Each structure stands twice: as structure tokens, then as C-alpha cells.
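Below you'll find the structure, written out as C-alpha cells, and then a few comments.
The model shown is predicted, which means the values in this text are computed figures rather than measured ones. Side chains included, hydrogens not; waters and symmetry mates left out as well; all remaining heavy atoms used.
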Amino acid sequence: MDNCLTRKQQAFVLEYIKDRNGTQAAKRAGYSERRASEISWQLLQKTTVLKAIQDLQDEIEQQLRMRFVEDAIKAREVLRGILDNPDSTDRDKITAARDLLDRAGFKPVEKKELSGSGSGNPIEIKFVDPS
């Protein structure tokens, strides 16, 4: 966190990230209960405080992205294990295969049935449930 901030300002930044409530963050950071609203407004006008908030947000988001990537890799390994396991039922293997393909961006093709007769006549369109 920015070394230009006081300890209370740093505490405010950490508390503000939790719920985006400036008044409550100021109180939890140790500022005066009576002046918490005013102090939070003043703090949120300071570029150093705003930058510290943004930097912390960016860091948290980056950590979450990394966790999601790690979780996705583990989930893929689990699904792959189901596919490769000779004891898995066909139903489990099909479900795992669908899940893998779905997460890879391959969606099942929607079947559409078209029928009609002669030109100028209305065409009937039926949507067939693929399941």
C-alpha cells in the first residue's frame, strides 16, 4: 500500500474495500464516530487514497483471477478423470464430456425443423427440443 498514507488512511482503505461504505470504514479505521461521514468524504477526495483503493482492488481482482484459473484446471482434471475412468458409467462420461465441451465454448447445435408447401404459402416452423 502507498507509503504516503498515514496508518489511519491505510486502515480506511482496507475497511472501505470491504463494503464501500465510507462512513463505516472511517469509524472502523479509528476516526471520530461523530465526524466519520465528513472524514470519509475528505479521504475520498484525496488522489493518494483513491489510488490506494484502486491498487488494492486491482490486486484483489488479480488474485481472484488466479484462483479461478487454478480452480478451472482442477475442475478439468476431475472431468477428465471421469472420462478416463473405466468404472465411470456411460451417463457420467457423457455428462463430463458435455461439461468439458460446454466450458470450451462448444454448444450443442439446436435442431430446427422446417416445413412448408409451394411458394406464397405460409411456412410452419417447429423448434424441436434436443433432449
Heavy-atom nearest pair, Gly22 first then Ser40, reads O-CB, 3.1 Å

Give the minimum heavy-atom separation between Leu5 and Gln9, together with the two atoms involved. CA-OE1, 3.3 Å

Identify which one of Arg65, Met66, Glu59 satisfies the side-chain contact (heavy atoms from CB on, under 4.5 Å) criterion when paired with Gln63. Glu59

Interatomic spacing from [atom1] in [X] to [atom2] in [Y] - rounded to 0.5 Å:
X	Y	atom1	atom2	value
Lys51	Leu56	NZ	CG	11.5 Å
Thr6	Lys8	OG1	NZ	8.0 Å
Cys4	Lys46	SG	NZ	11.5 Å

Please determine, by modelled atom types, if [X] and [Y] share a side-chain donor-acceptor pair under 3.5 angstrom.
X	Y	answer
Arg7	Gln10	no
Gln54	Asp58	yes
Asp92	Thr95	no

Is it the case that more than 12 heavy atoms not belonging to Asp19 sit under 6.0 Å from its CG atom? yes

Using the rule that two of Ile, Leu, Val, Met, Phe, Trp, Tyr join whenever any of their side-chain heavy atoms come within less than 4.5 Å, decide whether [X] and [Y] are in one cluster.
X	Y	value
Leu50	Ile39	yes
Leu79	Leu83	yes
Ile17	Trp41	no
Phe106	Ile94	no
Leu14	Leu64	yes

Could you work out, with ring pair (Phe, Tyr, Trp, His ring centres under 6.0 Å) as the rule, every residue matching Tyr16, not counting sequence neighbours? Phe12

I'd like to know if the side chain of Ser88 reaches the main chain of Ile82, judged simply by a donor and an acceptor atom lying under 3.5 Å from each other, with no hydrogens or angles considered. yes

Working for side chain to side chain contact (heavy atoms under 4.5 Å, CB included), residues Lys93 and Thr89: CA-CA 6 Å; Lys93 287 180 181 185; Thr89 66; over 6 Å; no

So do Leu43 and Tyr31 actually touch side chain to side chain, heavy atoms under 4.5 Å? yes

Decide, yes or no, whether a salt bridge links [X] with [Y] under the criterion of side-chain N to carboxylate O below 4.0 Å.
X	Y	result
Asp71	Arg67	no
Glu38	Arg35	yes
Lys18	Glu15	yes

